[in-house]
Amino acid sequence: MSETIVPIYDAQKIEKKWQQKWAEDKIYDSNIDHNRQKYYVLTMLPYPSGNLHIGHWYAMTPPDAHARFKRMQGYNVMFPMGFDAFGLPAENAAIKNNIHPSKWTFANIDHMRNQLKSMGAMFDWRREIISAKPEYYRWTEWFFLQLYKHNLAYRKFSPVDWCPHCNTTLAREQVWGDDRHCERCGTPVIKKDLNQWYFRTTNYAEELLDFSEMDWPERVQTLQTNWIGRSEGASVTFKTEYGDPMEVFTTRPDTLWGATFMVIAPEHPLVAKLTSAEQAQAVNAYVEQAKKQTDIQRETADREKTGVFTGSYAINPVNQARIPIWIADYVLMGYGTGAIMAVPAHDKRDFDFARKFGLKVIVVVQPDDMETLDGDTMLDVAPTHGRLVNSDLMTGTSGEDAFDTVVNWLEEQKIGHRTITYRLRDWLISRQRYWGAPIPMIHCPHCGVVPVPEDQLPVLLPDDVEWKPTGESPLKLHPTWKHTKCPVCGADAERETDTMDTFMCSSWYHLGYLSPYFPTWPFDQKEYDYWMPVDIYTGGIEHATMHLIYTRFFHKACRDMGITKGSEPMLKLRNQGSVLGEDNEKMSKSRGNTVDPDKLVASYGADTVRAYLMFFARWELGAPWNSSGIEGSSRWLRRTWSMFLEPDDSGKRASADVLVKLRRKAYQTLKAVTRDFEAFQFNTIVSGLMELLNEISKAKQAGAWNTPEWKEIVTLYLRMTAPVTPHIAEELWSLTGHQGSVHTQPWPEMDWEAAKEEEVTIVVQVNGKLRDRITIAADSTDEEARELGLASAAVISAMAGKPAKKVIVVPKKLINIVI
RNA sequence: GGCGCGAUGGCGGAAUAGGCAGACGCAACAGACUUAAAAUCUGUCGAUCGCAAGAUCGUGUGGGUUCGACCCCCACUCGCGCUACCA
């Protein structure tokens, strides 16, 4: 080979060099520029747990490649990064190692910032925000006050979910799974009666169901839609014998005539009043027992029904029937009105209950294709589609019309009305922990609950706090912190000692990046008007019903308060999957199957890690790690390196044909790669570039080195790889004699003429079976193709002398001869 | 129980409008270079039959639509996720 000395590919050296150079040249600073179209790329910010995980690389480097691509396309791209720095692990570390949460957090941030820089991403570090800084959380507190002022924050005493391990309450969204465990630590939650702060997310339930302006994955829309749980039905008022109204919600008002009893939740406010003297003992015992049970955990669905008769009756408003009122824990106080009308003939739960306690069953819906049902003898619930029977004046109404007919009648009679119920709950934001943004409220013995005046923000966290887990807020146990004066009357008063859910901090961080720690408003209006909304947001699917609902609620609430504009904060969302361990299990320290990105960077370089993460799986699905697979990406970059740097001195001269083919492949790749960058299809971007390199290799062997076409393809290839592997692309850009940074180059222009195929291979089938392949000019007519196909020897023999009944010609693809 | 997603070689995956199944890569095998190994380069690589040319089968299972189905429809199996006495 050549005598020329080719430098070896030293990834670490190159990467460090360029990262420094890019920072010095400030090539990733994002500034308002009204001459260019903006593009705001946002990736969910990390919690500063101490170390960057391979999952962080997987979440961040593909969006970085997308951001770089858009930048080369001419967009003014902002890609910020920060830290979601409040939260429990800091406190747990404090308890375990006796180190202050603040010290722990900020030390971790310093370490992780350096790790993030080793990715070579185009983060604009001037825009970094850290949610635990007073300059940031002052605005988190400010937002709370705005919500409070607009009656979107309120305080309520009620049973709440409590994590006994984290020693704090949780929002409904943070309680997961069959066993109702804490989303953070996995401990099953218990119920506690507490006074807590809530945001009125339910005010926005209907609007949150509207995804029409957004390009979000179907899956997330489904998860959110189910979580919000809209059901259409009717609210119907029954009366007790004593005249108390008892409202129930039903999705099937047409089955009202089949209501043979009522059931109320054990916590229902009318329990005491409805309990007769004879039943008092049984009812008290049942209510006590139910209370205990909810304290342990919510029962499973297929559990045997339990319940007790109150001794009282209600009047069914549609037919004046006198029906018994029971208490049972299968009716939940938290949904609907905590009372139901039971229609045992058509509801499985009511049926089980009726059979167990010997209650009457009346069939009111008779399906046309079934024999006449009998409530006394039927073995299971009847389907709920058919024609109404045993329903007085409604008898005979058929399935589809029944709902509307009955509801209209109920509204005329003024005994019920159409209504909608949601499963979504208001967001419980109080946390009995230290390391969070204080809730800026004051409890005054004379004035009640009073907000901290805005000019006194932030309410700072004290440094000297005892953070032992006692079940009480650490701030409550601080000797002096909570004592203050009432801002209204000046009397001695106490601060709220709970802090806010950290999801509050992350509900507006995308605004924080606009103008970090802006002194007079949560963000600089000029920056907001230019950059918002977020054009593309990426992160894990696990936030579908938590952060992604909260932040949408937050944006809509702020819009209604005149702070933000538009109905949605993030127009487009894409979710990455997860990288599993080599054993196909979730990565965890205890399993010992984690992959350390620092080690990979040390042995392969960041570019190889980036390329492999984009290549090895479909980004939205993820896949198990494969430590020999990464060799392929490493090989690809080493080949790229020597391909362009090792001269070919064999003296061969490439034919025109070779060069035409090379250019064709290059522009076809450009077309595919451009489409895939747009569509977040990172794996096919890398495989497309690999294919192109294979073609370049063939052309080089055929003598294409250093021809004008070769030089053209080098600049094309390096620009296409720049978003994926920014360091090696930059180094090769410079070593092959190009000026400036490859990252400030425009994305290549498409040459459609060069990409065009002159000849195409057409598949010839007989009765759908592949019989021959013919190569014809790309501009052949269908008629020419058809004749060539029919002339093929293999086709003639397959047709065995039979005439063609039909010939289908798909241009440039296929001919199918039907015989 | 309900809703949703998925199933393609030994493995990860490709096939972006219903039109050549298995691109690209890993692993494996063979060859070149080397004292040897690594690295690199060149090939082979879905299954069965065949010396070969080639033939048949093949995208979880069973059916359907179509000239033609990994792709659309129906039923099912398995796996994953969410949700669950939600009235």
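Everything numeric here is computed off the predicted structure, so don't read it as measured data. A note on names: the letters A, B, ... follow the listed sequences, proteins ahead of strands, and every chain is numbered from 1.
You won't find any donor-acceptor pair under 3.5 Å spanning the side chain of R423(A) and the base of C86(B), going by distance alone.
Considering only residues two or more places apart in sequence or on other chains, E783(A) meets the salt bridge (Lys or Arg N to Asp or Glu O under 4.0 Å) condition with R786(A).
RNA chain B is contacted by both A617(A) and R638(A); A617(A) maps to the nucleotide lying nearer its 5′ end (nearest heavy atom per residue). Mapping A623(A) and R675(A) onto RNA chain B by nearest heavy atom places A623(A) at the nucleotide closer to the 5' end.
The existence of a salt bridge linking D352(A) and K356(A) is excluded, since no basic side-chain nitrogen approaches an acidic carboxylate oxygen closer than 4.0 Å. Salt-bridge check for E206(A) with R230(A): passed, with a basic side-chain N closer than 4.0 Å to an acidic carboxylate O.
Shown here, G9(B) is classed syn by the O4'-C1'-N9-C4 or O4'-C1'-N1-C2 angle, which is within 90° of 0.
In this structure, C24(B) forms a base pair with G12(B), meeting either the Watson-Crick or the G-U wobble geometry with both donor-acceptor distances under 3.5 Å. With both pairing distances under 3.5 Å, A36(B) is matched to nothing as a Watson-Crick or G-U wobble pair. The partner of C29(B) is G43(B), judged by Watson-Crick or G-U wobble contacts that both fall below 3.5 Å. Across all strands shown, A75(B) forms a Watson-Crick or G-U wobble pair with U61(B), both key distances being under 3.5 Å.
Phosphate proximity of A87(B) to S231(A): present, with a side-chain N or O under 4.0 Å from OP1 or OP2.
Relative to the six-membered ring of F261(A), K360(A) misses at least one condition, a distance below 6.0 Å or an angle of at most 45° to the axis.
Rounded to whole Å, the separation between the C1' atoms of C74(B) and G22(B) comes to 28 Å.
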